[in-house]
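Here it is: the structure, laid out below.
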Amino acid sequence: MAKATPRQETSPKLGLEAMKALILDVPDFPKKGIMFKDITPLLADPQGFNAVIDALILPFKQKGIEIVAGVESRGFLLAPAMAARLGAGIVPLRKKGKLPRKVHSASYDLEYGTDSIEAHTDAFPKGSKILLVDDVLATGGTAAAAISLIEALGGKLIGSTFLIELCFLNGRKKLAGQTIHSVLTY
Ligand code: AMP
């Protein structure tokens, strides 16, 4: 693991291949046939984590983003640091049944199974500029649901950003017409 040093704008950045080297492929998790991308070693690396956050926000720095919406669970690891750098707030898009007040839901198919995500009905002030984040863009079902949720609740989606895009699953096709940024592609 790289030695922790206080972050400065001039601190050395990890390149894309070095970032990829810190992601572990876990075969057959959580189901047979799935090659799970374990990003925890990359996030645990001080230079790695800083490079991840910088790369995720890069195209959105001058876009006036007001809220970073993170998808449960691993989007929650990324959204707060991104928002702090952008001067934005965060909204968690949560799995079913976790939020205490009135919610709007959107359901979706996963690469492995089905699920739904929810946000409080007042989570996004009308017309507020939103950046969506998740760790992986796979089939695009989760992101499509997240986008429909944000838009149904009055947010103005500026773009979606992913640490990893699994291009062979064609997730982008489901998100046609949207601004999509991915840091690492496979
Ligand atoms: P999808 O809806 O198919 O685009 O799947 C995206 C969601 O599932 C993200 O929230 C990811 O965290 C998770 N996911 C899907 N495939 C993988 C994978 N191979 N490795 C890690 N996470 C994955």
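This chain uses plain numbering: 1 for the first residue, then up along the sequence. One-based numbering, in listed order, for ligands and for the atoms of each.
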Inset, instruction - Check ligand 1 against Leu166 and write out every atom of the ligand that is under 4.0 Å from a heavy-atom position of the residue. - result: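 Going through ligand 1 atom by atom, the ones under 4.0 Å from Leu166 are 19 (N).
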Handout entry: Asp134, any N or O under 3.5 Å of ligand 1 N or O
Key =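 Yes, at least one N or O pair falls under 3.5 Å.
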So is Ala138 polar-close to ligand 1, meaning N/O to N/O under 3.5 Å?
->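 Such a contact does occur with ligand 1.
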Residue-ligand contact Gly140/ligand 1, heavy atom below 4.0 Å:
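In this structure, Gly140 qualifies as a contact of ligand 1 - some heavy atom is under 4.0 Å.
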Are Asp54 and Arg85 within salt-bridge range, i.e. N to O under 4.0 Å?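 Yes, this pair counts.
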Q: Evaluate the side-chain contact (heavy atoms from CB on, under 4.5 Å) criterion for residues Ile117 and Asp115: first the C-alpha distance (whole Å), next the side-chain angles of each, then the deciding distance (0.1 Å), finally the verdict.
A: CA-CA 7 Å; Ile117 44 171; Asp115 221 332; over 6 Å; no
* Asked: For ligand 1, which atoms sit closer than 4.0 Å to a heavy atom of Asp135?
  ->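 In order of number, 9 (C), 10 (O), 11 (C), 12 (O).
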Q.
For ligand 1, which is the ligand I care about here, please tell me if Arg74 has any N or O atom under 3.5 Å from one of the ligand's N or O atoms.
A.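 Among all N and O atoms of Arg74, at least one is under 3.5 Å from an N or O of ligand 1.
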**Item:** Element-labelled atoms of ligand 1 that are located less than 4.0 Å from some non-hydrogen atom of Thr142
**Value:**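 Here the atoms of ligand 1 in question are 1 (P), 2 (O), 5 (O), 6 (C), 7 (C).
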- prompt: Is there any N or O on Val136 that sits under 3.5 Å from an N or O of ligand 1?
  reply: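 No; every N/O pair is 3.5 Å or more apart.
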| query | Ala123 and Ile67: which non-hydrogen atoms are nearest, and at how many Å? | reply |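 Heavy atoms of Ala123 and Ile67 come nearest at O-CD1, 3.9 Å.
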More than 12 heavy atoms of other residues, nucleotides or ligands under 6.0 Å from NZ of Lys20: yes or no?
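Buried by this count: over 12 neighbours within 6.0 Å.
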Next on the checklist: Among Ile34, Asn170, Thr139, Ile164, which one puts a heavy atom closest to atom 1 (P) of ligand 1?
Outcome noted: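 The nearest heavy atom belongs to Thr139.
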Item to complete: Mark up the atoms of ligand 1 that fall under 4.0 Å of a heavy atom belonging to Met35, in ascending order.
Response: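 Near Met35, the atoms of ligand 1 are 18 (C), 19 (N).
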**Prompt:** Quick one: hydrophobic cluster around Leu99, which other residues, with the 4.5 Å side-chain cut-off, linked directly or via members?
**Reply:**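 Joined to Leu99, directly or through intermediates: Val103.
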task: With sequence neighbours excluded, tell me which residues meet side-chain hydrogen bond (donor to acceptor under 3.5 Å, both in side chains) with Thr40.
output: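 Per chain and number, Thr40 pairs via side-chain hydrogen bond (donor to acceptor under 3.5 Å, both in side chains) with Asp38.
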Partner of Glu72 by salt bridge (Lys or Arg N to Asp or Glu O under 4.0 Å), out of Lys98, Lys95, Arg94
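Of Lys98, Lys95, Arg94, salt bridge (Lys or Arg N to Asp or Glu O under 4.0 Å) with Glu72 is met by Arg94 alone.
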